[in-house]
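In what follows, a structure is listed as structure tokens, so that the remarks can point back to it.
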Amino acid sequence: MHDLVIRNGKIVDGTGAPAHFGDVAIDGGVITSVGGTAGAGRREIDAEGLLVTPGFVDIHTHYDGQVTWDPYLTPSSWHGVTTIVMGNCGVGFAPVRRGQEDFLIGLMEGVEDIPGAALAEGIKWGWESFPDYLDTVAAIPRAIDVGAQMPHGSLRAYVMGERGAHNEAATPTDIQRMAVLVREALQAGALGFTTSRTMLHRAKNKEVVPGTFAGEDELLGIGRALGEAGHGVFEMASDLVGPDATMEWMVKLSTETGLPITFALAQIDKDPNGCQRVIDQVKRFNAAGAHLSPQISARPTGMLMGHESSLHPFITHRTYKSIAHLPIDERVAKLREPAIRAQILAEGPSVKDRATRHFVTNFSKYFPLGDPPDYEPERDANLAARAAREGISPAELAYDMMLEREGRALLYMPLANYAEYNLDALREMILDPVTTMGLSDGGAHCGLICDASMPTYMLTHWVRDRSRGARLTLETAVQRQTTDTANLYGLHDRGALKPGMKADVNVIDLEGLKLHAPKMVFDLPAGGRRLIQHADGYRYTVVSGEVIYENGTPTGALPGKLIRGPQPAPVAAS
Ligand SMILES: [Zn+2]
């Protein structure tokens, strides 16, 4: 008698192999047979007409704080994600010295737009070293598996104090001390080391993330600690300028250690072909022994502008600022007053920062998001084009659209991957085996972005609904976010439905799979806001053989674990 049998499903096993029909049997938290007809199970799930896939592995999240208070790590787990990797982009909460907590919260709040008050109330500090943090995370019951990475920002502040926090150059002693701690963290089970090398990532006080300007000595000094530990991914958010443009240090480090380096890559408006050049460059380096993988997303990073968001076209207007403190319904009532409307529209944005000014005025990249949300809208649906057709100003159009849905309507501004007003270039990147899917930023950018639903989008848009160009096969869409993401992190025990593998499984009604429009809720600790997005159609999500969600409702089972280090492939599956 098996513990659990999932019967008669359409099995897409995550390896890229063609879908086939049959049963999946599970015993002791492990898959014991795939395909054919399995014997009886103590519990049986009828998957007739349903899709059976491995649980999704999301390698790019920022749940470092949430992981201490939310066993479900939503929204990710609502989208079939059974493993997350956190600690990305150089920000996190360990190591930490007493007295530095607020600094790390400010860094996370600034860079990742997670409300500081929520983090301050939610996190119950009680660790100092990274291994202590891992022990704390490991001791908390949870529904899905989590893996942690050592962030450069907290490490630098810990080792170098104010000098580290303010991005002064590291001395050889500093580097040596950081390397020791990284090695310790990796040995205790950290899955990698992460850093931020982009000017876009700034703390609340506007300082860039500690480590942003780290020189080759520091990067290699720390990176070699991964080599000494024998495992770990080096992840970074980089603008790929300066020393990163040639990738020389990355090639050197990954060739020497044999360990992967992954960095965010997206198509930008100013240079639509730039990402392809980077991919070609990476392929040449990899052919010569490097191990680089550009990390890409499944859709444009979607800035969602609305009256409850942290950014929108009117947020810097003087008159808007004077009513911004009002609760949303009162504010909306005011905004509907013709005099206020006229006054705000007569004012321009009062912001000096060029990037922000661009974001709040770039109406040719604004679209109504709609419900169901449309992340690949036609070019002529942009607000500038539409306003021109209607003979009004784009700001006026944006103003009125944002007042729809009781003032909760969201405008979608694709931040990247939309240079040509379609996702054709992104599709090429998704299909390129040198890239890895990531960048969902689960748990982060709470006031502006909600892309943790990317696993669902891979199935709804890329496999089923896309009408503006070629789609992806089901097999590819599943493989890209299971086997491929798991492999980059050395998690060879999951990501595929094969005997011996960890029994992390989704049973999905693909025809009924539906991505809801994102919405703002205030359910973080201290009433903190975050954008969330639900999906219908996940019939069962199984972690280590236990059903954690049934038709979107948590069952109460908490089989999730902290992952310590890379996991070998089971003998039976290799
Ligand atoms: Zn990130």
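Positions are given from 1 along the sequence. Because the structure is predicted, anything quoted here is derived from the model rather than measured. Counting starts at 1 for both ligands and their atoms, in listed order. As a basis for the values below, the full set of heavy atoms in this structure was taken, side chains included, without hydrogen atoms, waters or symmetry mates.
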Backbone of N506 reached by a side-chain donor or acceptor of T541 within 3.5 Å:
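Pair absent, no side-chain N/O of T541 close to backbone of N506.
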Is it true that a side-chain atom of S129 and a backbone atom of D132 form a donor plus acceptor pair closer than 3.5 Å?
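Present.
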Please, which pairs that meet salt bridge (charged side-chain N to carboxylate O under 4.0 Å, His left out) have at least one residue in residues 243-262, sequence neighbours excluded?
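Listed by first then second residue: R197-D244, E216-K252, R224-E256.
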Sorted by first residue and then second, give each salt bridge (charged side-chain N to carboxylate O under 4.0 Å, His left out) pair with at least one member in residues 227-236; sequence neighbours left out.
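Matches after skipping sequence neighbours: R183-E228.
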Near the Zn ion (ligand 1), meaning under 2.8 Å, how many protein N/O/S atoms are there?
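Near the Zn ion (ligand 1), the number of protein N, O or S atoms below 2.8 Å is 4.
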Test of understanding: with salt bridge (charged side-chain N to carboxylate O under 4.0 Å, His left out), list the residues that count as partners of D135, not counting sequence neighbours.
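For D135, the residues satisfying salt bridge (charged side-chain N to carboxylate O under 4.0 Å, His left out) (neighbours in sequence not counted) are R564.
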Flag side-chain contact, heavy atom, 4.5 Å: F367 against P414
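In short, these two side chains touch, coming nearer than 4.5 Å.
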